[in-house]
Chemist: 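Just passing along the structure, written as structure tokens.
Predicted, not measured: the structure shown is a model, and the values here were computed from it. Chain letters run A, B, ... following the sequence lines, proteins first, then strands; residues in each count from 1.
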Number of protein chains: 2
Amino acid sequence: MNFQNRKQLIVQTVEERGSVDVRELADLLRTSEMTVRRDLVQLASMGLIYRTRGGAMRVSLATDKHTFANKTAVNAERKDYICRLAAQEIQEGDVIFMDCGSTVFRLCQFIRNKRITVVTNSLPVMAELMTSDVSINLVGGEVDKERQAIHGLIAEEHMARYRANRAFIGIDGISLANGLSANSEKEASTATTMARQSDKVYLLCDSSKLETNKYLHFAPLTMFDVLITDQEAPTDVVTAYRQAGVTLLNE
Amino acid sequence: MNFQNRKQLIVQTVEERGSVDVRELADLLRTSEMTVRRDLVQLASMGLIYRTRGGAMRVSLATDKHTFANKTAVNAERKDYICRLAAQEIQEGDVIFMDCGSTVFRLCQFIRNKRITVVTNSLPVMAELMTSDVSINLVGGEVDKERQAIHGLIAEEHMARYRANRAFIGIDGISLANGLSANSEKEASTATTMARQSDKVYLLCDSSKLETNKYLHFAPLTMFDVLITDQEAPTDVVTAYRQAGVTLLNE
DNA sequence: TTTGTTTTGAACAAAAATAAACAATTTTAA
DNA sequence: TTAAAATTGTTTATTTTTGTTCAAAACAAA
């Protein structure tokens, strides 16, 4: 088996599978890992594949997907439950805001095939929806590398130019006594702006965050219209919220 | 068995099997490996087969159809050469515009460790610089999924709010007679805006694009300050550009 | 931050393929 | 038939490719 033959197999495998690692290829080609590496270097320089650490992937996938998609899976089930409820609220033709929380990110998978416009400041959301039917409007401004989002003055101004049917906002903490709280000023101010520009505001908040307070209190409970949470929310808390006039959705 | 007979069998075998090695052919033809090699050299020079180390393969398999699929990698060496020159122009503390061309994208690798601010409408550029020392300002607006970039009215307005030291713009075509041309209106209008908002405008243009004209002519040669190209630009073309008053950099 | 793990690329040894040189064979043409 | 020319096979030197080992780099986790 010479380079040309291996080249064919490698490119083909990468195309089919999206990504492969060096060991797999070494097995498949019955050759050493060093040889595979040398091949990958060459193929990457030809632009036929995208070299990654430990293997290679399809060029088309390399640019966005993997760069952002590796996001937290903490409480994934609860979050998915919440997002399924949230997705049901969305109508064809809607313009919606999505902020940069990890809960809101999971909403992407449920709206892939909807004909809607998403305005977002979240890079993972943008990357995820690149390959969907959704049309995306990305908020411009300073890129916050740590949060993988756009924040700041210009971002606020950008959002202020749009009016949306709905806003979906992830929140770090909420309590009846103190209202909404966040871990950073940036997220708080993005949330406020999105809320102001939307007809209906949905708070996505898994039950572990109910009745918790974070560093910055930034808005009263009146800022939003619907609080969506999961079934594991304690009954007494749910009752208390409803009695306080909150529209709470968890089934 | 003479050459004519062997030739037939070899070509036929290669066509059927896709690829063969010297030993197989030597067995098949009941001749020595040396003779097979001599035959292969001849057949390859006639273009009937593609010679590989250890054997031969069908020409159609070796002449790669994917090679031109990935735009980023076409003329990669030239583009890197250009970008190395471009990077030398950048000073610490600069604010620079980078547009969404494939040439400009390759500038990323040369500026990773500079303390500068990049304003861009290109999602690949943004993704690439996420893990660098560069601070990024992303242009906001409608996401063009095909081009992986942000274009449109809002994007223009966003860019108009910034003033940069330099703009690096990839161009699809340039000619002394007709000036700058592009393959799409969107790219043309982004380029124009970036140029207007910068003190110094650099055009990155590999030599294969010199003296070519694309679909849309959108600006005269006066729009930019420096044209950066590679060493393979024909001497007479370089001379002509310089005589026309263009500042051309290619070494 | 430091630690531990994985991946990588350089250096060198081993193997494979090739080309060169020359001898042996076949073909060609007088 | 015979000598020159062309082709083929064998041996040997050279080049290219591959595999192994190991230190350094990159990454992830604590």
Chemist: OP1, OP2 of D/dA25 versus side-chain N and O of A/Arg53: anything below 4.0 Å?
Modeler: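 Indeed not, no polar side-chain atom of A/Arg53 lies that close.
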Chemist: A/Leu29 CG to D/dT17 P: how many Å, rounded?
Modeler: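 Taking CG of A/Leu29 and P of D/dT17, I get 17 Å after rounding.
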Chemist: Between A/Asn250 and A/Thr229, is any side-chain donor less than 3.5 angstrom from a side-chain acceptor?
Modeler: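 Short answer, no.
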Chemist: Give a yes or no answer on whether the side chain of B/Asn165 reaches the backbone of B/Val95 with a donor-acceptor pair at less than 3.5 Å.
Modeler: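 Yes, B/Asn165 side chain to B/Val95 backbone: donor-acceptor pair under 3.5 Å.
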Chemist: Output yes when at least one side-chain N/O atom of B/Arg37 is less than 4.0 Å from OP1 or OP2 of C/dT18, else no.
Modeler: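 So the side chain of B/Arg37 is within the cut-off, an N or O lying under 4.0 Å from OP1 or OP2 of C/dT18.
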Chemist: Could you write nucleotides 6-13 of chain D as a row of B, S and -, 5' to 3', where a protein heavy atom under 4.0 Å of any base atom gives B, of only sugar-phosphate atoms gives S, and otherwise -?
Modeler: --BBB---
Chemist: Atom CG of B/Asp21 to atom P of D/dT16: distance rounded to whole Å?
Modeler: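 Distance, rounded to whole Å: 20 Å.
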Chemist: Could you check whether any side-chain heavy atom of B/Lys79 comes within less than 4.5 Å of a side-chain heavy atom of B/Ser102, counting everything from C-beta outward?
Modeler: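 Yes - at least one pair of side-chain heavy atoms lies under 4.5 Å apart.
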Chemist: Out of the candidates B/Arg6, B/Lys7, B/Met34, only one should pair with B/Asp39 under the side-chain contact (heavy atoms from CB on, under 4.5 Å) rule; please name it.
Modeler: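 When side-chain contact (heavy atoms from CB on, under 4.5 Å) is applied between B/Asp39 and each of B/Arg6, B/Lys7, B/Met34, only B/Arg6 qualifies.
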Chemist: Between A/Thr120 and A/Met98 (side chain of the first, backbone of the second, donor and acceptor by atom type, cut-off under 3.5 Å), is there such a pair?
Modeler: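 Yes, A/Thr120 side chain to A/Met98 backbone: donor-acceptor pair under 3.5 Å.
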Chemist: Is it true that the side chains of A/Glu16 and A/Gln12 contain a donor and an acceptor less than 3.5 Å apart?
Modeler: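 Yes, side-chain donor-acceptor contact under 3.5 Å.
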